[in-house]
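Reminder, nothing fancy here: chain letters follow the sequence lines and each chain counts from 1.
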There are 2 protein chains.
Amino acid sequence: MPHSSRPLEDLYAGAALTIRTVTRMAKAYERIADDLRDRIRAGDLAPGDRLPAETTLVERYGKSLPTLRQALGLLQAEGLIEKQHGRGNFVRRPRTPVKRSNTRHQWEKSRAREPEQQRRKTGATEHDTGLEVDDLVFHASYEVVDAGEELAEIFGVPAGTAMLERTYRTRYQAEAHPFSLVDSYLVRDVVAANPDLLDATNEPWPGGTQSQLHSIGIELERIEERVLARPPSAEEAEELGLPPGTSLIVVGKTSYDTDGRVVEHSVIRLPGDRTVMSFVTPLERW
Amino acid sequence: MPHSSRPLEDLYAGAALTIRTVTRMAKAYERIADDLRDRIRAGDLAPGDRLPAETTLVERYGKSLPTLRQALGLLQAEGLIEKQHGRGNFVRRPRTPVKRSNTRHQWEKSRAREPEQQRRKTGATEHDTGLEVDDLVFHASYEVVDAGEELAEIFGVPAGTAMLERTYRTRYQAEAHPFSLVDSYLVRDVVAANPDLLDATNEPWPGGTQSQLHSIGIELERIEERVLARPPSAEEAEELGLPPGTSLIVVGKTSYDTDGRVVEHSVIRLPGDRTVMSFVTPLERW
DNA sequence: GAGTGGTCTAGACCACTGT
DNA sequence: CAGTGGTCTAGACCACTCC
């Protein structure tokens with residue numbers, strides 16, 4: 001079963017759960033989809049393989065083209081196949097899962113005060129993914145924008161306050177699409193205390209954002225993350241290489257300093273079909 | 001803008017982000033979808049309103065039925081409209097968002113040792129949602145199952161070990177569909193120390209799982225949650241009332257006791273279009 | 001039974017990919 | 001240029017909802 005080598009994800013995928021099977025009339029496009037799905041799961045069609053041409057499948061199943069295409073649409077929504085205009089339909093290769101844990105925050109905090117040479121070795125993303133710096137391609141750009149109502153409310157500043165907007169794109173060297181889109185916001189006048197922080201060419205900053213904040217005397221006390229999922233816009237789907245039907249995970253991350261003030265806020269958009277986030281909650285002892 | 005009364009969610013929805021507009025040929029079904037989307041956002045079509053019949057829209061836009069339906073399919077995937085066979089297409093009413101925070105774990109732990117009368121007042125779900133116990137309808141059933149490979153690995157027990165499987169469904173009194181499907185697992189022989197724990201009719205147990213574990217002398221030390229999103233199966237979509245195109249959020253929650261042993265594991269399935277999870281990560285002071 | 005969406009057909013023409 | 005998927009049409013018949 002090419003798509004289910006990881007036991008844990010099987011469990012979450014419902015494979016191990018007994019689901020009450022309901023007998024019902026199978027529609028033509030469902031029967032076709034079921035058949036193709038079985039062939040893929042059985043390994044009859046391996047990841048990367050091209051499916052027979054749609055016209056061929058029309059003949060094989062004895063149904064019309066639109067009906068067949070409806071079946072393929074189902075499989076596409078499930079992430080099993082990928083359509084490539086002019087080339088064919090292909091069995092999707094499972095993409096490298098992207099792991100992200102909230103233990104990264106404490107790790108990054110501890111790193112922030114270490115010497116630069118030490119900080120340069122690995123970043124929080126490498127910490128999460130277990131990869132080397134060279135495996136990742138990183139792109140950053142900065143811009144100064146006025147705070148909208150939402151941002152103003154989050155930071156507790158007047159609307160229109162000048163904010164430093166930093167956008168980051170990170171992808172695996174070997175892949176075409178980034179696995180995270182990050183838009184991070186800081187109050188411009190706060191970070192201006194260190195002019196280096198206003199210059200995108202200093203990215204990637206060894207030690208990350210917490211190290212940058214440390215350079216202007218800010219210590220973080222806690223981080224709050226809000227997680228939701230929604231369908232991607234057409235642009236987001238294209239940028240992340242998301243197949244139609246898969247969703248976007250959006251994380252709103254807010255950093256509070258030791259005075260309880262909001263010092264940073266990020267909107268992190270992640271592909272829903274390959275992101276696994278982990279959150280550890282320690283509990284106080286009785 | 002009926003779908004965007006909550007500022008924070010606007011930000012995460014991308015409304016406040018400048019997205020580079022790309023000029024490209026608009027396809028017929030995209031133009032129709034754009035037009036209808038605009039009408040909905042403008043409030044021209046209010047939540048709950050029925051759209052004109054598909055045949056009427058075919059005349060209005062001068063396109064064929066399949067093309068029009070393709071456009072409606074887009075809007076449905078975006079969660080803007082809802083199709084109801086035999087009734088019509090309706091502008092979706094935003095559903096009550098379901099909030100869930102990891103602060104519930106510490107809250108529940110503190111509660112576990114309080115007197116029953118105190119525990120009975122509110123549960124963790126009410127703590128999250130800010131609702132009263134009476135606003136929620138709760139269903140539980142228990143079953144003893146053999147541990148599969150995945151469960152065995154998680155708990156560090158041999159495959160085939162007898163597990164207590166507890167399934168929970170929770171919904172708002174006023175709504176037809178539950179907002180969470182929980183399958184929780186415990187090692188049967190561990191919980192058998194208190195026979196009350198094997199009986200589903202004792203649910204809802206005041207104080208929740210941590211209180212139950214307390215009754216057999218187990219104290220939790222930390223909770224790990226793994227979060228991912230995937231498309232729902234047909235059954236899950238139906239049970240949660242998910243429109244096609246929206247995704248499921250799956251949380252794998254593992255509870256460790258003070259000896260570092262796994263004592264409970266849950267698979268929690270939540271509707272992706274209405275669930276907002278919040279995770280707070282405290283950081284150690286410098 | 002009237003009105004609505006759901007499924008399915010047969011076929012035309014366009015757009016993209018690779019040789 | 002051949003092969004492939006993408007868009008679109010006109011129309012038939014079925015299934016569901018509600019009066």
Does [X] have a side-chain nitrogen or oxygen under 4.0 Å from the phosphate oxygens OP1 or OP2 of [N]?
X      : N      : result
K83(A) : dG6(D) : yes
N89(B) : dG5(C) : yes
Y29(B) : dC8(D) : no

Exercise. Is D273(A) salt-bridged to R230(B), cutoff N-O under 4.0 Å?
Worked result: no
For this session: Could I get the full list of salt bridge (charged side-chain N to carboxylate O under 4.0 Å, His left out) partners for E175(B), not counting sequence neighbours?
Result: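 By the salt bridge (charged side-chain N to carboxylate O under 4.0 Å, His left out) rule, E175(B) matches R274(B).
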Exercise. For R39(B), what residues pass the salt bridge (charged side-chain N to carboxylate O under 4.0 Å, His left out) criterion, not counting sequence neighbours?
Worked result: D35(B), D44(B)
For this session: May I ask you to list the residues of residues 48-70 of chain B, by number, that have any heavy atom positioned under 4.0 Å from an atom of DNA chain C?
Result: R50(B), A53(B), E54(B), R69(B)
Exercise. Can you name the residues that form a side-chain contact (heavy atoms from CB on, under 4.5 Å) with F90(A), not counting sequence neighbours?
Worked result: R50(A), Q84(A), R87(A)
Exercise. Taking only residues two or more places apart in sequence or in another chain, which ones pass side-chain contact (heavy atoms from CB on, under 4.5 Å) with T55(A)?
Worked result: A53(A)
Run the side-chain hydrogen bond (donor to acceptor under 3.5 Å, both in side chains) test against [X] and tell me which residues pass, sequence neighbours left out.
X       : result
R100(A) : E225(A)
S180(A) : none
R37(B)  : D34(B), E78(B)

Exercise. dT4(D) P sits how many Å from F90(A) CZ, rounded?
Worked result: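 After rounding, the reported distance stands at 11 Å.
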Exercise. In whole Å, what is the span from the CG atom of L74(B) to the P atom of dG6(D)?
Worked result: 14 Å
Might you list the N or O atoms of the protein lying below 3.5 Å from N or O atoms in nucleotides 16-19 of chain C, with each pair's distance?
| residue | atom | partner | partner atom | Å |
| --- | --- | --- | --- | --- |
| dG18(C) | OP1 | R87(A) | NH1 | 3.3 |

